[in-house]
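In what follows, chains are A, B, ... by sequence order, proteins preceding strands, each numbered from 1.
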2 protein chains.
Amino acid sequence: MNNLISDPSLTLARTRLRGTGARVTPARVRVLAVLMEAGQPLSHHEVEQILSPAAELDRVTLYRVLDWLVQQRLAHRVAGSDRAWRFSVAGDQPSLEARGGLKAGGAKVMHERHAHFHCNDCGKVYCLDSIDAKALNVPVPIGYRPETLELTVKGYCAHCN
Amino acid sequence: MNNLISDPSLTLARTRLRGTGARVTPARVRVLAVLMEAGQPLSHHEVEQILSPAAELDRVTLYRVLDWLVQQRLAHRVAGSDRAWRFSVAGDQPSLEARGGLKAGGAKVMHERHAHFHCNDCGKVYCLDSIDAKALNVPVPIGYRPETLELTVKGYCAHCN
DNA sequence: CCATCAATTGCAACCCAGTTGCAATTGATG
DNA sequence: CATCAATTGCAACTGGGTTGCAATTGATGG
């Protein structure tokens, strides 16, 4: 009737949003629910596709909602190699340092450390959760202050291989 | 008088280009020379800036020359997080598999394995040559065929820190 | 229950990286 | 030095993303 988003997801999304203390709008609820149901990072366009069967959502509003979700740390923004951002729900447990719990010495710690697989054929992006990017411990030259780490493997996914 | 490109670089570039057997045009020579002189991957725009004091080079031509250099394996294309490609000269020794010398079993080997540092402030990209991405040996799920690997550290460079 | 108002949304117009089609130019070759 | 495919320049276009602004709306206090 309405769309491809399940009721439980919508409810869960609403709950998460209320947790931020900010306004809980239909746009935010539906976009977050879509991200929660997707098993992979979605581009702006992909979210639009999933949303479209139901009520319309302005292009710009969608961009803004996605940005907002990232700001609220409810989502992560991952850079694909096709110059289009992808968005995925953040883990249920926002990292401590992200919430200001670990600011010892003012030293920032790298977060968002997991890797992605980008299919050169279909263009889809998959999270490689198995990879412990934390273990990489990439050394940077003196004077450089690393903040985040992005590890992307490009190739062909199981479907396109 | 003319521009910021040194004569030796131009000559070296010309030699490298002749090695491809393809046409040696001023555009190709100058662009390759610019990449050779830059110590870091340059965006289309950055190359344009360096080139501009001298003769003009059409935007489109520059894009095409850069693409061509990558095709010829004289340059690498690296994806920055600001959805703009960067280009850097390829090492003096193109990897064997790149030249068809190592096609055993038809299995492709990952190449272009070094990492980059992207400054969140000034936007410049630096090569982290010290990092041996080869050592990462990233595991992907069965059925997935990895080809290239991109490791980008984002943060603040020595200048902006 | 409703008025209020800042936060959010929709719209239109815009920016920027990159691409395409095509006619004019040019490097290598015989 | 004539030839011609490869290369260049131009103009117009695509697609992701942004900005300014007026209209709408969720939470709040009364």
Against the side chain of Tyr63(A), the closest entry in dT8(D), dG16(D), dT8(C) is dG16(D)
Separation of atom CG in Leu17(A) from atom P in dA27(D), rounded to whole Å: 10 Å
Distance in angstrom units between Leu42(A) CG and dG16(D) C1', rounded: 16 Å
What integer distance in Å separates Asp67(B):CG from dA17(C):P? 15 Å
Rounding to an integer number of Å, can you tell me how far Glu46(B) CD sits from dC16(C) C1'? 15 Å
Atom CD of Glu48(B) and atom P of dG9(D) are separated, to the nearest Å, by 12 Å
Any side-chain N or O of Ser43(A) less than 4.0 Å from the OP1 or OP2 oxygen of dG16(D)? no
Reading DNA chain C from 5' onward, which residue's closest nucleotide shows up sooner: Arg23(A) or Val60(A)? Arg23(A)
CG of Leu69(B) versus P of dT7(D): gap in Å, rounded? 11 Å
Regarding Arg83(A), tell me which of base, sugar-phosphate or nothing describes its non-hydrogen contacts under 4.0 Å with the strands shown. sugar-phosphate
Thr20(A) side chain to Arg16(A) backbone, donor-acceptor under 3.5 Å: no
Pick base, sugar-phosphate or nothing for Arg64(B), based on heavy-atom distances below 4.0 Å to the nucleic acid. base
Given dT18(D), dA28(C), dT8(C), the nucleotide with the shortest approach to the side chain of Val24(B): dA28(C)
Think Thr61(A) has a side-chain N or O under 4.0 angstrom from the OP1 or OP2 of dT8(C)? no
Could you state the CG-P distance from Leu57(A) to dT8(C), rounded to the nearest angstrom? 14 Å
From CE (Met36(A)) to CG (Leu74(A)), nearest 0.5 Å: 9.5 Å
Is the closest side-chain donor-acceptor distance between Ser9(B) and Glu37(B) under 3.5 Å? yes
Just to verify, what does Lys154(A) make a salt bridge (Lys or Arg N to Asp or Glu O under 4.0 Å) with, not counting sequence neighbours? Glu150(B)
The bend of the helix from dC1(C)-dG30(D) to dG30(C)-dC1(D), taken between the axes of its five terminal pairs at each end and rounded to 10°, is 30°
Using a 3.5 Å distance criterion without hydrogens, assess whether the side chain of His44(A) forms a donor-acceptor pair with backbone atoms of Arg59(A). yes
Residue pair Lys124(B), Glu46(B): steps toward the salt bridge (Lys or Arg N to Asp or Glu O under 4.0 Å) verdict: CA-CA 10 Å; Lys124(B) 280 198 180 130; Glu46(B) 287 166 328; over 6 Å; no
Counting side-chain heavy atoms from CB outward, which of dG18(C), dC11(C), dT18(D) is closest to Asp58(A)? dC11(C)
Tell me what His45(B) touches on the nucleic acid: a base, only sugar-phosphate, or nothing, going by heavy atoms under 4.0 Å. nothing
Provide the closest heavy-atom pair for Thr152(B) versus His118(B) in the form atom of the first, atom of the second, distance. CG2-CB, 4.1 Å
Rounded to the nearest angstrom, tell me the gap between atom CG in Leu62(A) and atom C1' in dG16(D). 12 Å
If you look at every strand shown and take non-hydrogen atoms under 4.0 Å, does Arg59(A) touch a base, only sugar-phosphate, or nothing? base
For Gln40(A) and Val125(A), the nearest pair of non-hydrogen atoms, with its separation, is CB-O, 3.2 Å
